[in-house]
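Naming convention: chains lettered A, B, ... in sequence-line order (proteins, then strands); numbering from 1 in each chain. Scope of the values below: all heavy atoms of this structure, side chains included, with no hydrogens, waters or symmetry mates. Please read these numbers as outputs of a predicted model, since none were measured by experiment.
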Protein chains: 2
Amino acid sequence: MLRLTKKADYGLIALKFLAEHPEASAVSAKDVAEAYKIPAQLLAKILQTLTKKGLLRSQAGMNGGYALARDARAISAFEVILAIDGPLFITSCTKGEKSCELKTSCTIKEPLARVNETIAGVLQSISIQDLAEQARPAAKGQLEPLVSVTL
Amino acid sequence: MLRLTKKADYGLIALKFLAEHPEASAVSAKDVAEAYKIPAQLLAKILQTLTKKGLLRSQAGMNGGYALARDARAISAFEVILAIDGPLFITSCTKGEKSCELKTSCTIKEPLARVNETIAGVLQSISIQDLAEQARPAAKGQLEPLVSVTL
DNA sequence: GAAACACGGACCGGAACGGTCCTATACTGA
DNA sequence: TCAGTATAGGACCGTTCCGGTCCGTGTTTC
């Protein structure tokens with residue numbers, strides 16, 4: 001259903017990694033790439049765009065690299081995906097100029113748009129911190145609910 | 001976020017149309033295509049696959065066409081999308097043979113898989129009938145909630 | 001038997017995606 | 001100061017997928 005691009009995937013992985021290593025003042029793209037066997041050049045670009053979008057801070061030069069621009073709790077998965085893949089709507093006719101030629105045609109879109117909003121809401125409620133935490137504890141009791149949504 | 005292919009879009013539109021015309025014993029692909037300015041040949045194929053998946057009944061020959069195989073209430077948007085686009089997971093590494101080489105890498109995937117399940121749940125709870133109903137009433141009071149999900 | 005329909009394979013152009021290469025710039029440490 | 005390591009970013013490229021078309025076959029009705 002929801003398809004994440006590999007880039008968005010890589011981005012989330014990298015941010016999670018950064019969240020897990022707060023002690024390091026900066027982590028290079030190469031380090032992350034090697035840790036997860038991700039193409040280094042590609043990851044570098046992804047991190048660059050995340051930096052441009054204000055999610056990361058970067059430092060050039062030796063011992064340079066990237067660090068979270070904000071607290072891991074204040075960065076949502078939604079932001080990351082949005083920054084990397086850009087806005088993706090369900091509707092193929094993305095409410096651009098001419099909505100759908102035939103206004104009657106798009107009666108389906110309205111309910112689906114609400115589905116889209118739900119998904120966005122779910123993604124917004126999941127922080128990088130959540131990703132990092134869920135990763136470690138290894139089944140300590142059952143997982144607590146991440147979100148609860150109504151649309 | 002969630003991206004529907006145009007094919008799935010067309011499929012939903014067509015099913016909604018069929019749900020709105022229960023009096024007709026069969027509606028031809030051409031008719032639906034013309035009503036919504038959808039490429040006829042393309043729509044034909046979509047309806048064919050939906051027929052193969054058991055969502056539609058087809059009848060060849062003159063005055064033939066398609067009709068819902070079940071009650072519009074018993075067909076979910078999820079089924080339609082699944083039938084047309086096939087299973088789409090969030091994870092790029094679609095839990096195939098080798099999950100991700102590095103098992104440690106995929107710690108992100110588990111929370112996202114749950115997001116995916118939520119989306120699926122939302123889509124499953126929306127029937128073709130819902131789409132057809134939401135289309136008509138034209139703001140009779142506020143829209144009632146479609147779903148409520150917890151993950 | 002001809003028209004209208006469903007079926008289904010082959011094909012194709014374009015866009016997007018994943019990925020690489022190459023160059024420029026910035027910072028650090030010896 | 002110079003070499004090495006890092007970010008920054010443009011150009012490019014192969015593959016895949018998606019939307020769409022074309023063609024031929026089978027089936028039913030008039």
Check: If you count the non-hydrogen atoms of other residues, nucleotides and ligands that lie under 6.0 Å from CZ in B:Arg73, is the total more than 12?
Finding: no

Can you tell me the distance, in whole Å, between the [atom1] atom of [X] and the [atom2] atom of [N]?
X: B:Leu56; N: C:dA6; atom1: CG; atom2: C1'; result: 12 Å
X: B:Ile13; N: D:dG19; atom1: CD1; atom2: P; result: 12 Å
X: A:Arg3; N: D:dT16; atom1: CZ; atom2: C1'; result: 11 Å
X: B:Arg57; N: C:dA6; atom1: CZ; atom2: P; result: 14 Å
X: B:Asp9; N: D:dG19; atom1: CG; atom2: P; result: 9 Å
X: B:Lys30; N: C:dC7; atom1: NZ; atom2: P; result: 17 Å
X: B:Asp31; N: C:dA4; atom1: CG; atom2: C1'; result: 11 Å
X: B:Ile81; N: D:dC18; atom1: CD1; atom2: P; result: 14 Å

Nearest listed nucleotide, side chain of [X], among [options]:
X: B:Leu42; options: D:dG19, C:dG29, C:dC17; result: D:dG19
X: B:Lys45; options: D:dT21, C:dT20, C:dT28; result: D:dT21
X: A:Thr51; options: D:dA8, D:dC30, C:dC17; result: D:dA8
X: B:Ala29; options: C:dT28, C:dA6, D:dG20; result: C:dA6
X: B:Thr5; options: C:dT28, C:dC17, D:dG19; result: D:dG19

Using side-chain heavy atoms (C-beta onward) and a distance below 4.5 Å, is [X] in contact with [Y]?
X: A:Asp71; Y: A:Ile128; result: no
X: B:Leu55; Y: B:Arg70; result: yes
X: A:Leu131; Y: A:Leu15; result: no

Margin query: Is it the case that C:dA6 (base atoms only) and B:Gln48 (side chain only) share a donor and an acceptor within less than 3.5 Å, ignoring hydrogens and angles?
Written below: no

Notebook entry, point to check: Ignoring hydrogens and angles, does a donor from either the side chain of A:Gln41 or the base of C:dC22 sit under 3.5 Å from an acceptor on the other?
Noted result: yes

Notebook entry, point to check: How far apart are the closest heavy atoms of B:Leu43 and B:Ala29, and which atoms are they?
Noted result: CD1-O, 3.6 Å

Check: For B:Tyr10 and D:dC18, is the shortest distance between a side-chain N/O and OP1 or OP2 below 4.0 Å?
Finding: no

Notebook entry, point to check: If only side-chain N and O atoms of B:Ser58 are considered, is one of them under 4.0 Å from the OP1 or OP2 phosphate oxygen of C:dC7?
Noted result: yes

Next item on the list: Assign A:Ala26 to base, sugar-phosphate, or nothing according to its heavy-atom contacts below 4.0 angstrom with the strands shown.
Entry: nothing

Checklist line | Residue whose closest nucleotide on DNA chain C lies nearer the 5' end, A:Ala60 versus A:Ala40 | finding: A:Ala40

Check: A:Gln59 or B:Lys52: which one's nearest nucleotide on DNA chain C is closer to the 5' end?
Finding: B:Lys52

